[in-house]
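Order of the sequence lines sets the chain letters (A, B, ...), proteins ahead of strands, with each chain counted from 1. The basis for the numbers below is simple: all heavy atoms, side chains too, and nothing from hydrogens, waters or symmetry mates. No experiment lies behind these values; they were computed from the predicted model shown.
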Amino acid sequence: MPELRIYDSFRRQKIPFTPVEPGKVGMYLCGPTPYAAAHIGHAYSASCFDMIRRALVLLGYQVKFVRNITDVDDKIIKAAAQAGEDPLERSRRFTDEYNREMRLFGILPPDVEPRVSTHIAEIIDVTSKLVANGKAYEVSGDVYYSVASFAPYGQLSGQTPDDLRAGARVDVDERKRAPADFALWKAAKPGEPSWDSPWGKGRPGWHIECSAMCAAHLGETFDLHGGGKDLIFPHHENEIAQSQGAYGPGTFAHYWLHNGFLNFDGEKMSRSEGNVFTCTQIADAVGAEAARFFFSSHHYRSPVEFEYEATRDADGKLATIRFRSLEAADRRLAYFYETLSRIDAFVASGDGGPGAVVAGADTLVNDAREALSDDFNAPVVMAALGEAAKLANKLLDEGKGIDKQVRRRSIARLGADLRTVGNTLGILTAAPIDYLHERRERLVKRRGLDRAAIVALVAERDAARKAKDFARADAIRGEVAPLGVELLDTPTGTDWRVVDAG
RNA sequence: GGAGCCAUAGCCAAGUGGUAAGGCAGAGGUCUGCAAAACCUCCAUCCCCAGUUCAAAUCUGGGUGGCUCCUCCA
C-alpha cells in the first residue's frame, strides 16, 4: 500500500498519516443540525467525507466513522416554535429526511450517528470536568468556557482572542468574563427543551456536543475530524479548547480535514442570494449520482463552482432552472454506464477465467490507491477511471490480434475494477440499465416529450429498416430529431435516447 | 481592522522544484445504408513584475484580480 499523506488544516500542510492504532482509523464528522430541508452543500460535505471514508477502506484501514446529529439547537427551537412543533420531533423528522437524501446521493450511513439529546449525561460530564479544571465558570445557570484559560486557543483558525474582539459584530453578553467566551451550558428558558444539571435545568450550548460525542464514541484521542471550512472558527476551535481543556494536551483529533465550499457564480450559497438549492431539487433536475460524479471531479479542499441558469416569471418566482455543469457530468456518467453495460453484455458469455490480461487492464485499483493516498485526490482517480473505460471500449470494439481468453479476462477485469473504484467515489453503484432508463425518463420529462408517441415512431422505424425502406426510416429520424430524440440502430433493433446537449 | 484561500487552454479541472493528468467544447479520421455510440489524431508553458536555482506553474518578495472566515452558514 502506498503511504497515505493528508493535508492537516491544523498544521497547514500535507503530512504522512500515522493512526493512533495501526491499521485503524477513528473519524468524526460534524453532521447537520436538522431543522429544515438539506441543501446541496450538506450533500457535498457528506460526499467528501464519504469518499474519504471509503478511500481509507480501499487503502486497507479499518474505519470507525462517527457523524453526529445536532438535534438540540437554537435554530431548531426557533423553527419549531414558528411551526408550533415540538423541537425534538422536528429535528427527528428532518434527520430522517436528511438520511434519506444522503442515501440518494450514495452516501453510506455512518457507523455511529450520535445525537445531542441522547448524550446529555456525557455533555454534563465534560462540562463539569471543565469547571473543575478551572476552564469554565458558571453565571446564574449558564456555564461559559473561559478562552483565556486555554493558552493555545486560536491555533487552528489563526485567530487570537484579541483580534476577535476588534472584529466582533455580535452583542457581547455582559455576564461573560471575556467577549470570546462561549456557552457550554445554557439555563432553561420557557418553551425550550431542558435537562437537569448541576447548574439547574438547561441545555447544552453549541460546540460542546461534539467534544462529548467524540470522547464517547472514539475516545479522548482519535485520528480524523472533519467538516466544512466554515466550521473551523469558531466551532472546531472551540471543540479543541473544550476537549484539550478537559483531557489535556495532545488529546482529541490528530488531523483536521475541511472541505471547500460550493459556490454559485463565484458567490457562496446563501438564502439572501436566492441560490440555495435543496438536495431534492438537484436530484430531480439531474439525478443525485450526476451530482456525486461532479463532486468527484473536484478536490475536496477546493471551492466548487456550481453554475446554474434560472428564469423567473413576472413576480420573481423561479420558473425554470438548469444546472449546465451537472448536466455535463450526467452525460459523462452515462458514458461510464454505457461502457459498463457493454462490458456486462460481453462478459455474460464468459469472463475468461484466471490468468494474464492485456497491458493496462489491471492497474486501475492501484492507480486509484496511489491517487487517494495523496490527500484523497479524487480528480486523479476520475482520470484513471476514464482511461480504464476507454481501454474497455477499445477491447470491446476490436479483438484483432488478442488471444480470445485474454481479451475476455481483460474486459471482465476492467468492469470489476471500474465498479470497485467507482464505488469508492460513490458512483457506478447502480445497474447500468436502471441508470440509463432513469436518465432517459428524466430527460423525457425535462423536454416535455410524449413518450408513447416516440415509442410508436421508433417501432415504425424499426419495421421500416427491417423492410429496407430506408427512405421511410430516414424520414422518421428527421421527424424526431427536432424533439431532441436520437435513434440508435443496434444489431438487435432500434433504440432511442434523448439528446441532452447544452 | 484581523486571519486565510485562490488565479493553469474557449470552459471545467489535476499537478507544489525537473521541461503541463483528465474531461467538455472544437478540427480531422476509422466504423456505419444514413446516423449515433465507440475508438484514433490534433489542440495551453501555467495573472503580471522582480528574485533564488543548473532547473519554477511549482520557492521568495512585490503587484493585480477573485473568494472565504472573524455572524450557530456544510
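Between A/H298 and the phosphate of B/A13, there is a side-chain N or O to OP1/OP2 separation shorter than 4.0 Å. For B/C40, the OP1/OP2 oxygens have a side-chain nitrogen or oxygen of A/K394 closer than 4.0 Å. Residue A/K186 places none of its side-chain N or O atoms closer than 4.0 Å to OP1 or OP2 of B/C72. Dashed line: the shortest gap from a side-chain N or O of A/S302 to OP1 or OP2 of B/A14 is under 4.0 Å. Regarding contacts with the backbone of B/A13, every side-chain N or O of A/Y300 stays at 4.0 angstrom or more from both OP1 and OP2.
A salt bridge links A/D330 with A/R442; the closest basic N to acidic carboxylate O contact falls under 4.0 Å.
Backbone-only contact: A/L231 has heavy atoms under 4.0 Å from sugar-phosphate atoms and none from a base. Within 4.0 Å (heavy atoms only), A/G41 reaches at least one base atom of the nucleic acid. Within the 4.0 angstrom heavy-atom criterion, base atoms lie near A/H39. Contacts of A/D74 with the nucleic acid, taken as non-hydrogen atoms under 4.0 Å apart, include base atoms. Contact annotation for A/F294: no contact, since no heavy-atom pair falls under 4.0 Å across all strands.
In this structure, the CZ atom of A/F295 is 14 Å from the P atom of B/A14, given to the nearest Å. Atoms CG (A/N263) and P (B/C6) sit 14 Å apart, rounded to a whole Å. Here the P atom of nucleotide B/C5 and the CZ atom of A/R12 are 7 Å apart, to the nearest Å. The OH-C1' distance, from A/Y7 to B/C6, rounds to 12 Å in whole Å. For the pair A/L395 CG and B/C40 P, the interatomic distance rounds to 11 Å; values are reported in whole Å. The distance between atom CG of A/L487 and atom P of B/A35, rounded to the nearest whole Å, is 14 Å. Rounding to whole angstrom units, NZ of residue A/K229 and C1' of B/C67 are separated by 11 Å. When the P atom of B/U16 is taken as reference, atom CD1 of A/I15 falls 16 Å away, rounded to whole Å.
Straight-line distance between the C1' atoms of B/C48 and B/A56: roughly 16 Å, to the nearest whole Å. A distance of about 27 Å separates the C1' atoms of B/G10 and B/C49, rounded to the whole Å. With C1' as the reference atom, B/G61 and B/U68 are 25 Å apart, rounded to whole Å. With C1' as the reference atom, B/U45 and B/G17 are 16 Å apart, rounded to whole Å. Going from the C1' atom of B/C24 to that of B/C34 covers 27 Å, rounded to whole Å. Rounded to whole Å, the P atom of B/G66 lies 28 Å from the corresponding atom of B/G51. Comparing the C1' positions of B/C6 and B/C42 gives an interatomic distance of 32 Å, to the nearest angstrom.
Of all nucleotides listed (B/A3, B/C72, B/A36), B/C72 comes nearest to the side chain of A/W206.
Comparing A/T339 and A/L262, the nucleotide of RNA chain B nearest to each residue sits closer to the 5' end for A/T339. Nucleotides of RNA chain B nearest to A/K14 and A/G260 differ in position, and the one nearer the 5' end is that of A/K14.
Ring geometry, A/F277 versus A/Y308: the interplanar angle exceeds 60°, so the pair is classed perpendicular (tilted spans 30 to 60°). The aromatic rings of A/F150 and A/Y153 sit perpendicular to each other, their planes meeting at more than 60°, with 30° as the lower class boundary. A/Y337 and A/Y435 have parallel rings, their planes meeting at less than 30° on a 0 to 90° scale where 60° marks the start of perpendicular. Below 30°, between 30° and 60°, or above 60°: for A/H235 and A/H207 the angle between ring planes is between 30° and 60°, a tilted geometry.
Listed in residue order, the members of residues 459-472 of chain A having a heavy atom less than 4.0 Å from RNA chain B are A/R461, A/R465, A/F470.
Put simply, the side chain of A/D397 and the base of B/C31 share no donor and acceptor less than 3.5 Å apart. Side chain A/N377 to base B/G15: no donor-acceptor pair is found below 3.5 Å.
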Evaluate A/E327 against A/R332 for salt bridge (charged side-chain N to carboxylate O under 4.0 Å, His left out), listing each step before the verdict.
CA-CA 9 Å; A/E327 288 171 16; A/R332 179 72 177 159; over 6 Å; no

Would you please test A/E309 and A/R322 for salt bridge (charged side-chain N to carboxylate O under 4.0 Å, His left out) and show each step?
CA-CA 5 Å; A/E309 290 163 28; A/R322 296 288 297 272; over 6 Å; no

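Between the A/R5 side chain and the A/S373 main chain, no donor and acceptor come within less than 3.5 Å of each other.
You cannot call A/Y44 stacked on the base of B/A74; the centres under 5.5 Å and planes under 30° rule is not satisfied.
Cation-pi check for A/R67 over A/F49 is not met; the charged atom does not lie both under 6.0 angstrom from the ring centroid and within 45 degrees of its normal. Judged by a 6.0 Å distance limit and a 45° cone about the ring axis, A/R11 is positioned over the six-membered ring of A/Y255. A cation-pi contact links A/R440 to A/W496, judged by a cut-off of 6.0 Å to the six-membered ring centre and 45° from its axis.
By the side-chain hydrogen bond (donor to acceptor under 3.5 Å, both in side chains) test, A/K186 pairs with A/D74, sequence neighbours left out.
Under the Watson-Crick and G-U wobble criteria, each requiring two contacts below 3.5 Å, nucleotide B/G26 is paired to B/C42.
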Check nucleotides 20-29 of chain B for protein N or O atoms closer than 3.5 Å to its own N or O atoms and list the pairs.
residue, atom, partner, partner atom, Å
B/G23, O3', A/R332, NH1, 3.4

